[in-house]
Amino acid sequence: MTDAEFDPSGEQAVSSELAGVMPVEYVAFHSQNHVAYLKYAHLELGPAAAQTVVEDVFTFLLEVWPDALKEENLQAFAWPSCVSTSSATAPPKSCPPLWSTP
């Protein structure tokens, strides 16, 4: 898939089989946030890695879901997981030198 073909709306919903066994609050959170997380990961990593990273983030959130619900701000708790997972997965960015030697 190329950047021009990227469609963040694809595969955003939890499958109906899994939705029946997952906490309803988690399913709602996933449905409301999946696209934003996928867009961010796509911008940081490109289409090849974005889906995997977002799946990893939501898997982590499901594992800690009871504790996540105790947080004062669930969004503020969850978003750093997306950012840090994307950052850890991203290849190092090459930066131009700050100065050049003659």
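Since we're looking at a predicted model, the values are computed, not measured.
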[Y] side chain reached by [X] side chain, heavy atoms, under 4.5 Å:
X     : Y     : value
Glu25 : Leu74 : no
Trp79 : Asn33 : no
Leu69 : Phe29 : no
Trp65 : Met22 : no
Ser81 : Asp56 : no

From [atom1] ([X]) to [atom2] ([Y]), nearest 0.5 Å:
X     : Y     : atom1 : atom2 : answer
Glu44 : Lys39 : CD    : NZ    : 15.0 Å
Phe77 : Lys70 : CZ    : NZ    : 11.0 Å
Leu45 : Gln51 : CG    : CD    : 12.0 Å

Heavy atoms only: give me the nearest [X]-[Y] pair and the separation to one decimal.
X     : Y     : result
Pro80 : Ala76 : CD-O, 3.0 Å
Tyr37 : Gln75 : OH-OE1, 4.5 Å
Val53 : Ala41 : CG1-CB, 4.5 Å

